[in-house]
Amino acid sequence: NAVFALEDKSYFIRRVGSDGFKIGHQATMKKVVSDRRASLDEESETRPTLRALVLKEFDRGRTIPIVPFPADGAAVQDTPRLTLVVLDPESEWSPACDAAAGKGSGSLRGQIAEWMRQRGKSPRLYPGSLVWCLKKPGRDLRDKVELWLAWKRVNKEVAEGTLGGDFDRADRAEIYTKLTDAEEAAKDEVWGGYRFAVLADHQEPDGLKTIDLGAGHSSGSETLCGRVITALKSQALLNESVGAGYIERNWPPALKDTGAWPLASLRQSFLNGSLTRLLDPDAVLRVKIVEFVSRGEFGLASGHPPASAVLGTSQAGVARKTGESGGGYDRVWFNEPITPDEVGFEPGVFLLLKAKARGLKAAPEPASTVSPEPGPAPEPEPAPIPGQGPEPEPEPAPTAATRTFRITGDVPPEIWNRLGTKVLPKLRSGADLKIGIAFSVTVENGVSRSFEADLKQILEDLGLSGRVRIE
């Protein structure tokens, strides 16, 4: 083993046969590779190749969005979907980062904590949807990428005929094998190097939790994104779905008496880390709430609730006694099929506990009776004069069987949500409903690119990227 190790490091020892070695004055191909590696340019060759290799490995077979190498917090989009943020290979996560928890923003940990709370100058709405992936300390990944680049340059020079005349056939024959081995070693080091995942956790002093993914191998059947997702699931930090029992167990104490949880607050609890993470909270909750209401496990209400149902719109809110018993909703669904369109994460839509929904559905509607007021007796009609009867009324003109309405005009942004709860239900009662949008907004040129990227991500999250264009 010592002789093989010496031959691997030496520039003037060649292997002869299966167990022989030869020492000579002529340098081996490893000497050329070492010279080419020393001549690599950091800015134009090493760093771009290093980043491209990392991005390629994370992008292969990915199932969640990726934000590669953000320069600051503003470059990380604020989206409810689970997103993997891959930091630059030069940003290394070490035990010192864990020891720096809660010690200010000067460290890498403090920087990530700040980016988790703020997106530029705006508070981040969905910190729980971000998973940061970082590299372990050391030069292993850089060294293997530099060796790979050196073998690529040597292979190119041999193919062009500018190198190889001074080397025997055995040296030239092993170039392609060495090149392939160097590339595979660099890929394996990406898997082994990016082994730390950081995510939001309110129980930590600075709100960050670190997960050691362990060593990985690129030849495995899983992907890097799948590896992160598997690690989150193994620690009960991520689920693909959610059950009715989980929501009922985590029902906010402030909303127990009212039995109504605003869907906007329920959604936010899955996005800010209060409840378990979901791969796509909006899609999962919309499907599951439809199932819950259809099976009678929860109810759904829309409209104007009693004042007690509005109190404590967050899980940490404090309820106040109002003395109201319930009711006041425009519509209540319970133990009946509904469409996903009825599940809107906006003000005025509530998830109801089973007992509350059953009580609202069973409550009889008050019957309104109007007693006729006494009035003067009707006067007798005069007798008709013979030959002077009433003229026949003209027959009404035939009318069309259907009529099409078109609603156009400018809508103030503050009442946009009310269109979905007031106008759309009425329009659905007709046929051939078609809805289009036309928005116009002016932003500063400095933030236009990030603004457009956010809009494209939002449209993609809503499944509208192929139907709505941005000009």
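Just so you know, these numbers come straight off a predicted model, no measurement behind them.
By the neighbour-count criterion of 12 heavy atoms within 6.0 Å, atom CZ of Arg469 is sparsely surrounded, having that number or fewer from other residues, nucleotides or ligands. Counting heavy atoms of neighbouring residues, nucleotides and ligands inside a 6.0 Å radius, atom OH of Tyr176 does not exceed 12 of them. Atom CD of Glu291 is surrounded by more than 12 heavy atoms from other residues, nucleotides or ligands within 6.0 Å. Residue Lys256 places its NZ atom among more than 12 non-hydrogen atoms of other residues, nucleotides or ligands, all under 6.0 Å distant.
Separation of atoms CD1 (Ile175) and NZ (Lys156) is listed at 14.5 Å; rounding is to 0.5 Å. For the atom pair Ile247 CD1 and Leu285 CG, the distance stands at 6.5 Å (nearest 0.5 Å). Taken to the nearest 0.5 Å, the CD1 atom of Ile407 stands 8.5 Å off from the CZ atom of Phe405. Interatomic distance, CZ of Arg51 versus OG1 of Thr49, reported as 12.0 Å (0.5 Å rounding). Rounding to the nearest 0.5 Å gives a distance of 14.0 Å between CZ of Arg331 and CG of Leu360. Going from atom SG of Cys133 over to atom CG of Leu213 covers 6.0 Å, rounded to the nearest 0.5 Å.
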Go through the steps for Arg37 and Leu149 under the test side-chain contact (heavy atoms from CB on, under 4.5 Å), then give the verdict. CA-CA 7 Å; Arg37 178 179 175 183; Leu149 287 175; over 6 Å; no
side-chain contact (heavy atoms from CB on, under 4.5 Å) for Leu353 and Glu248? Distances and angles first, verdict last. CA-CA 8 Å; Leu353 289 173; Glu248 191 166 359; 4.3 Å; yes
Asn239 vs Tyr246, test: side-chain contact (heavy atoms from CB on, under 4.5 Å). Steps then yes/no. CA-CA 12 Å; Asn239 287 283; Tyr246 178 82; over 6 Å; no
Between Ile470 and Lys456, is a side-chain contact (heavy atoms from CB on, under 4.5 Å) present by the stated rule, with each step listed? CA-CA 8 Å; Ile470 301 176; Lys456 290 181 178 179; 3.8 Å; yes
Show your working on salt bridge (Lys or Arg N to Asp or Glu O under 4.0 Å) between Glu90 and Lys135 and close with a plain yes or no. CA-CA 8 Å; Glu90 296 180 356; Lys135 189 179 78 69; over 6 Å; no
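Among all heavy-atom pairs drawn from Glu189 and Asp140, the shortest one is OE2-CB, 3.4 Å. Residues Leu278 and Ser241 come closest through the heavy atom pair CD2-O, 3.7 Å. Considering every non-hydrogen atom in both Gln77 and Arg124, the closest pair reads O-NH1, 3.5 Å. Residues Ala186 and Trp148 share a closest heavy-atom pair of CB-CE3, 4.5 Å. Nearest heavy-atom pair, Ala260 versus Leu352, reported as atom, atom and distance to 0.1 Å: CB-CD2, 3.6 Å. Of all heavy-atom pairs spanning Cys225 and Leu84, the tightest one is SG-CD2, 3.9 Å.
One N or O on the side chain of Arg277 and one on the backbone of Gly128 form a donor-acceptor pair closer than 3.5 Å. Side chain of Asn445 to main chain of Ser448: no donor-acceptor pair is present (N/O by atom type, distance under 3.5 Å, no hydrogens or angles). Without hydrogens or angle criteria, Arg119 side chain to Val76 main chain gives a donor-acceptor distance under 3.5 Å. Within the 3.5 Å criterion, the main-chain N or O of Leu87 finds no donor-acceptor partner in the side chain of Ser91. At distances below 3.5 Å, not a single donor-acceptor pair connects side-chain atoms of Thr83 with backbone N or O atoms of Leu130. Side-chain atoms of Ser265 never come within 3.5 Å of backbone atoms of Pro262 as a donor-acceptor pair (strictly under, hydrogens ignored). Listed for the Asp78 side chain is a donor-acceptor partner under 3.5 Å among the backbone atoms of Tyr126.
For the pair Lys187 and Trp191, the cation-pi test (distance below 6.0 Å, angle within 45°) is failed. A cation-pi contact, defined as under 6.0 Å to the ring centre and within 45° of the axis, is absent between Arg358 and Phe334.
Between Leu263 and Val343, some side-chain heavy-atom pair lies under the 4.5 Å cut-off. Residues Lys178 and Glu183 are not in side-chain contact: their nearest non-hydrogen atoms beyond the backbone lie 4.5 Å or more apart. Between Val86 and Leu134, the closest side-chain pair of non-hydrogen atoms is not below 4.5 Å. Side-chain contact check for Leu238 versus Leu82: some heavy-atom pair is nearer than 4.5 Å. Counting heavy atoms from C-beta outward, Phe196 and Ile211 have side chains that stay 4.5 Å or more apart. Here the side chains of Thr46 and Arg142 are in contact, with some heavy-atom distance below 4.5 Å. Contact of the Ser302 side chain with the Glu342 side chain is not registered, since no non-hydrogen atoms from C-beta on lie closer than 4.5 Å. Inter-residue side-chain proximity for Leu208 and Met116 is flagged as met; some heavy-atom pair is nearer than 4.5 Å.
Using a 4.0 Å cut-off between a side-chain N of Lys or Arg and a carboxylate O of Asp or Glu, Lys361 and Glu336 qualify as a salt bridge. Ionic pairing of Lys233 and Glu240 is present here: one or more N-O contacts between side-chain nitrogen and carboxylate oxygen are shorter than 4.0 angstrom. Between Glu45 and Arg153, at least one side-chain N (NZ, or NE/NH1/NH2) sits under 4.0 Å from a carboxylate O, which counts as a salt bridge.
Ring to ring, Phe58 and Tyr194 are close: their centroids are under 6.0 angstrom apart.
Ring orientation note: the planes of Trp132 and Trp115 are tilted relative to one another, at an angle of 30° to 60°.
Donor-acceptor pairing under 3.5 Å is recorded for the side chains of Asp41 and Ser44.
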